[in-house]
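Structure first, commentary second.
All values below come from the heavy atoms of this structure, side chains included, with hydrogens, waters and symmetry mates left out. Proteins get letters first, then strands, A, B, ... in listed order; numbering begins at 1 in each.
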2 protein chains.
Amino acid sequence: MGAASDPAGSAEVARRGRPGYDRRSLLDAAVAVFNDAGYDATSVAALAARLGLSKAAIYHHFSSKEQILETALGDALDGLEGVLVSARNAPPAERLATVLRGAVSVLVAQLPAVTLLLRVRGNSEVERRALDRRRAFDQAVTALVREGQEQGSVRADVDASVATRLLFGMVNSVVEWYRPGGAEDAEALARDVLAVALDGLRLR
Amino acid sequence: MGAASDPAGSAEVARRGRPGYDRRSLLDAAVAVFNDAGYDATSVAALAARLGLSKAAIYHHFSSKEQILETALGDALDGLEGVLVSARNAPPAERLATVLRGAVSVLVAQLPAVTLLLRVRGNSEVERRALDRRRAFDQAVTALVREGQEQGSVRADVDASVATRLLFGMVNSVVEWYRPGGAEDAEALARDVLAVALDGLRLR
DNA sequence: GTCTATAGACCGATAGAC
DNA sequence: GTCTATCGGTCTATAGAC
């Protein structure tokens, strides 16, 4: 036995067969390890050791190291794309705020998977596909910013795509330091992000 | 011969000995390659191939792959720490703006090295030392934000350390997309960052 | 017996180092 | 070019819960 305890998680449901990691709990644990040292720098052997398993056990659940990555990235992207859908039928500025709030909440709820996503560099076909989906998400938000500018609710002296990049640069950076269960809860964090992004840090 | 041309750079100074890479130009080229695929994912063999060199030639200039990383991280940190010094003797809010502008300009001027720095995860002693210096820099800026709050020029409804993290999350994200020689020059970028960070995106 | 999760020995290829 | 260690991945067999 390794350092891992309660591999299948605490929200246990009745499961047949030998106890241990199922696909889901193995995924979660692997993503945590990947985030710790980086995907490339984590060998399957090292991953297995951290999980208290053999490599073969990992390959029972996933067909390759990269498939673990692909699954996690898919989860994160599904979550992010979901916030776009939930923001229809409202003025642009309000929709933008909704998307930002939603992005923060997805980011907190799926912190490990999103963290992994944001570190992807495009080193493989899997990574490039994930980057493509991220780009499409960014473009959807950029369109929202542009609408806000045309409609007069968003400042127009900054290019829409630059503004969007800066906005999401701020939002995404949250994965670098935010840890659930700390001093600030997710709602307070979302409020702070919205405050700084929309109204700025300066007091007038 | 590989794809690399003019190894020692275009701002050439008279140099004795066999032509080719000197320590500096090798460092620059290596950092570019590291940023392309990630430090861990770049093997010394792949680096040598990209530079049109043998592995032995690399080990002539640096004693290990990690020493290349260490040198580049040192350059980036020297630059960032420099902007703190240049901002003395002014009201806090103005000093904060000066530091932000300075950070953007260092980031653009030393884009490759700073990019590498921002991706460091603490996988080795060298990386952990770099993270320690980054943390010290962040704390100095946080102190500046706190002063601004006490003095009334910075909004106080957001915790100073959260505000600083969001601020530098935005600033640092610039390495992910900004490329010198594009549509926006460094001054315009700094102006945009200051505008969004200090006054927000919303128009009122 | 069936199902799930697991271990150990092993492979060809490639890593960093010199 | 050459060293050794380690990489991602495979094969075969088995342990444990229903």
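Contact annotation: Y59(B) reaches the phosphate of dA17(C) (side-chain N/O to OP1 or OP2, under 4.0 Å). Contact between the side-chain N/O atoms of H61(A) and the OP1/OP2 oxygens of dT6(C) is found at a separation under 4.0 Å. Neither OP1 nor OP2 of dA5(C) sits under 4.0 Å from any side-chain N or O of Y21(A).
Summarising the geometry, the separation between CZ on F62(A) and P on dA5(C) is reported as 11 Å, rounded to the nearest angstrom. Residue L26(A) contributes atom CG, which lies 13 Å from atom C1' of dT4(C) at whole-angstrom precision. Between the CG atom of D22(A) and the C1' atom of dT6(C) there is a distance of 14 Å, given to the nearest Å. Rounded to whole Å, the distance from CD1 on I68(A) to P on dG8(D) is 10 Å. Rounded to whole Å, the distance from CD on Q67(A) to P on dG8(D) is 15 Å. Counting to the nearest Å, the P atom of dT4(C) and the CG atom of L53(A) are 17 Å from each other.
Applying the salt bridge (Lys or Arg N to Asp or Glu O under 4.0 Å) criterion to R155(A), with sequence neighbours excluded, gives D157(A). With sequence neighbours excluded, the residues forming a side chain to side chain donor-acceptor pair (under 3.5 Å) with S124(A) are E66(A), listed by chain and number. Taking D75(A) as the reference, R24(A) meet the salt bridge (Lys or Arg N to Asp or Glu O under 4.0 Å) condition, with sequence neighbours excluded. Qualifying side chain to side chain donor-acceptor pair (under 3.5 Å) partners for S173(A), counting only residues two or more places apart in sequence or in other chains: none.
Of the candidates dA15(C), dC7(D), dT6(C), the closest approach to any side-chain atom of H60(A) belongs to dT6(C). Residue K65(B) places its side chain closer to dG16(C) than to any other of dG16(C), dT6(C), dG9(D).
With hydrogens and angles ignored, the 3.5 Å screen pairs no side-chain donor or acceptor of R101(B) with any backbone N or O of A190(B).
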Item to complete: List the protein contact pattern of nucleotides 1-6 of chain D with one symbol per nucleotide (5' to 3'): B for base contact, S for sugar-phosphate-only contact, - for none; contact means a heavy-atom distance under 4.0 Å.
Response: -B----
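Residue-level contact check: S54(B) touches neither bases nor backbone, having no heavy atom under 4.0 Å from any strand.
A side-chain donor from one of D22(A) and S25(A) sits under 3.5 Å from a side-chain acceptor of the other.
Screening residues 126-135 of chain A for side chain to side chain donor-acceptor pair (under 3.5 Å), with sequence neighbours left out, gives E70(A)-R129(A), D78(A)-R133(A), E81(A)-R133(A), E125(A)-R128(A), D132(A)-R135(A).
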